[in-house]
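Everything numeric here is computed off the predicted structure, so don't read it as measured data. In this chain, residues are counted from 1 in sequence order.
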Amino acid sequence: MSTVIVENLKLLHEILRDFIQNELLPYEKEHQLNAEDDIPMEAIHWVRKRSREFGFYGINLPKEFGGQDISLKGLCLFKEELARSGAVLWGQVLGEIGGPLRIGQMLESFTSEQIEKYVMPVVTGETSCCFALTEPNAGSDAFAIQTTAVRDGDEYILTGKKHFISAAPYADFAIVIAKEIVEAEKPRITAFIVDKKTSENSGFELGNIQVPISGERIHAELIFNQCRVPSSNIIGAPGKGLLLGLKRINTNRASHAAGFIGMAQHLLDLSIEQAKTRVQFGRPIGDFQAIQHMLAEMATEIYAARCMVYDVVEKIDRGEEERAGASMAKLFASEVNNRVADKAIQIFGSQGLVKGHPVEKMYRSSRMYRILTGTSEIQKNTIAKELLKG
């Protein structure tokens, strides 16, 4: 990486940190935002607008789309910083929740008409989207999806239900992976752009908001009740739907891992402050070796995870495949995050058990990430397959 690029990343990192501390966190405090409540759309629009003005919203996109064509390493550094901040709206700053990060790696698959109608409004923060693959019986096994698409003239009729779709409550449209039923042929997996329902038999219906143990209200069902979608809304080509997911898989796993590191670092920061300020038996608890050892173990694991993640990220930036490395990074960082959260609870004691306390909330969140974006077991399967190749 050239000196100019490194210096630019440092400058952007400082600008991001300044935005978080001097605007984002004060805004959240003033408006009493809570990640476990419904986030007002005006707050989402505010953070998207300010982030875009600073150049962070969609920073991953090519320059012709208003981005800065940032490297994956730069993206991960920014994501780690945002996760470390503990901000409620951190996922909105780069456009991860319903924004440009959802579609950036798929740009070449959209037609010019689709870019104008769907992509550009997402890039500018006017609309939101979601990526809908998971179903109640189809998560890691993508080929098990039951949502069907049947051609009817110049349209397709979609029937089925998607489950636990991130950003669904905010989405104006969804990128839906469906099983296309083709007469006298094997079903094929095709991706469609599906608008939110505006009229009978047109678009998806928003189903139940699915609240996980983190308490966040950003996941929901999408219901397709014989909804009609024009054939012009196919992304890429019929039968190529899973390729969209595969294009994103390595970079997504690596960038998620960077977020886990940020979360773990935030937990460590809080734990260090607690160790310095909480007094027991007339001394700060940080004087006790048991607490010191926990802090040392937390810091060591975070350091190891960070080294692993950025090693993989640099390889991906150089154009290397790194399927096993990306899975290792996601596996290790998510497990480290969970272990760090557990130790943070131990350090905070009864305070950390109180519902709504920052470490209690992060403990619940950390447990999710050993399952979401590919379970730990699926990551191990991928790693083993790569090791046994040839």
Side-chain angles (χ1 to χ4, degrees), residues 102-119 122 127 129-168 171-207 219-252 321 323 373-375 378 381-382 385:
R102 293 277 162 184
I103 56 175
Q105 294 162 53
M106 298 183 283
L107 285 177
E108 63 187 35
S109 299
F110 293 102
T111 65
S112 56
E113 291 79 11
Q114 290 169 350
I115 288 173
E116 182 179 354
K117 182 177 180 180
Y118 292 103
V119 174
V122 170
T127 62
C129 69
C130 61
F131 188 86
L133 169 63
T134 305
E135 298 180 3
N137 294 310
S140 299
D141 182 7
F143 288 98
I145 62 175
Q146 296 298 307
T147 298
T148 59
V150 178
R151 183 137 195 171
D152 183 28
D154 200 34
E155 295 180 319
Y156 284 83
I157 300 173
L158 268 62
T159 305
K161 180 168 72 173
K162 295 295 182 181
H163 158 92
F164 209 74
I165 304 303
S166 300
D172 298 287
F173 70 89
I175 295 169
V176 180
I177 308 300
K179 184 179 291 183
E180 184 185 349
I181 307 301
V182 185
E183 190 174 344
E185 294 182 30
K186 288 178 65 175
R188 57 192 185 187
I189 307 300
T190 300
F192 298 86
I193 297 173
V194 184
D195 290 291
K196 192 172 183 178
K197 185 173 182 176
T198 55
S199 61
E200 192 67 28
N201 296 330
S202 174
F204 68 82
E205 299 173 47
L206 187 66
H219 303 87
E221 299 173 319
L222 301 184
I223 298 169
F224 308 93
N225 186 16
Q226 299 273 303
C227 81
R228 291 183 171 271
V229 179
S231 58
S232 59
N233 277 25
I234 288 178
I235 304 175
K240 303 296 183 183
L242 284 183
L243 290 178
L244 295 178
L246 292 174
K247 281 182 183 178
R248 304 160 72 237
I249 195 165
N250 287 345
T251 52
N252 277 6
E321 176 63 22
R323 281 198 70 187
T373 69
T375 66
I378 285 295
N381 288 350
T382 299
K385 285 176 184 175

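For T134, there are no side-chain hydrogen bond (donor to acceptor under 3.5 Å, both in side chains) partners two or more places apart in sequence or in a different chain. With sequence neighbours left out, the side-chain hydrogen bond (donor to acceptor under 3.5 Å, both in side chains) criterion links E155 to R228. Under the rule for a salt bridge (charged side-chain N to carboxylate O under 4.0 Å, His left out), R323 has no partner lying at least two apart in sequence or in another chain. Every residue two or more places apart in sequence or in another chain was checked for a ring-ring contact (aromatic ring centres under 6.0 Å, His included) with F224, and none qualifies. Listed by chain and number, the residues in a side-chain hydrogen bond (donor to acceptor under 3.5 Å, both in side chains) with S166 are H219 (sequence neighbours excluded). Partners of S231 by side-chain hydrogen bond (donor to acceptor under 3.5 Å, both in side chains), not counting sequence neighbours, listed by chain and number: D154.
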Next item on the list: Check the pair D172, K196 against side chain to side chain contact (heavy atoms under 4.5 Å, CB included), reporting the backbone distance first and the verdict last.
Entry: CA-CA 5 Å; D172 298 287; K196 192 172 183 178; 5.6 Å; no

Notebook entry, point to check: Where do C227 and V229 land on the side chain to side chain contact (heavy atoms under 4.5 Å, CB included) test, with the steps shown first?
Noted result: CA-CA 7 Å; C227 81; V229 179; 4.3 Å; yes

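Atoms CD1 and CD1, from I103 and I175 in turn, are 6.5 Å apart once rounded to the nearest 0.5 Å. Of the inter-residue distances, the one linking R188 atom CZ with L242 atom CG reads 13.0 Å to the nearest 0.5 angstrom. Taken from CD1 in I234 to OH in Y156, the straight-line distance is 4.0 Å, to the nearest 0.5 Å. To the nearest 0.5 angstrom, K240 atom NZ is 11.0 Å from S109 atom OG.
Closest approach of A178 and I145 over heavy atoms only: C-CD1, 3.7 Å. Summarising the geometry of E180 relative to G239, their closest heavy-atom pair is OE1-N, 4.3 Å, with the distance given to 0.1 Å. Nearest approach of A132 to I165, heavy atoms of both residues: CA-CD1, 3.8 Å. Closest non-hydrogen pair, A167 versus C130, comes out as C-CB, 4.2 Å. What you find for I177 and A191 is that their closest heavy atoms are CD1-CB, 3.7 Å. Closest approach of F204 and A171 over heavy atoms only: CZ-O, 4.0 Å.
The main-chain N or O of G104 is never found under 3.5 Å from a side-chain atom of R102 such that the two would form a donor-acceptor pair. Side-chain N or O atoms of Q114 include one that pairs as donor or acceptor with a backbone N or O of S232 at under 3.5 Å. A donor-acceptor pair is defined here as one N or O able to donate and one able to accept, closer than 3.5 Å; no such pair exists between the side chain of E135 and the backbone of L133. Not one N or O on the side chain of E205 forms a donor-acceptor pair closer than 3.5 Å with the backbone of N225.
Counting heavy atoms from C-beta outward, N233 and V194 have side chains that stay 4.5 Å or more apart. With contacts defined as side-chain heavy-atom distances shorter than 4.5 Å, the pair T147/T159 does not qualify. Under the 4.5 Å side-chain criterion, counting only non-hydrogen atoms from C-beta, F131 is in contact with M106.
Counting only N and O atoms by type, the side chains of Q105 and T251 include a donor and acceptor under 3.5 Å apart.
For F110 and Y118, the ring centers sit 6.0 Å or farther from each other.
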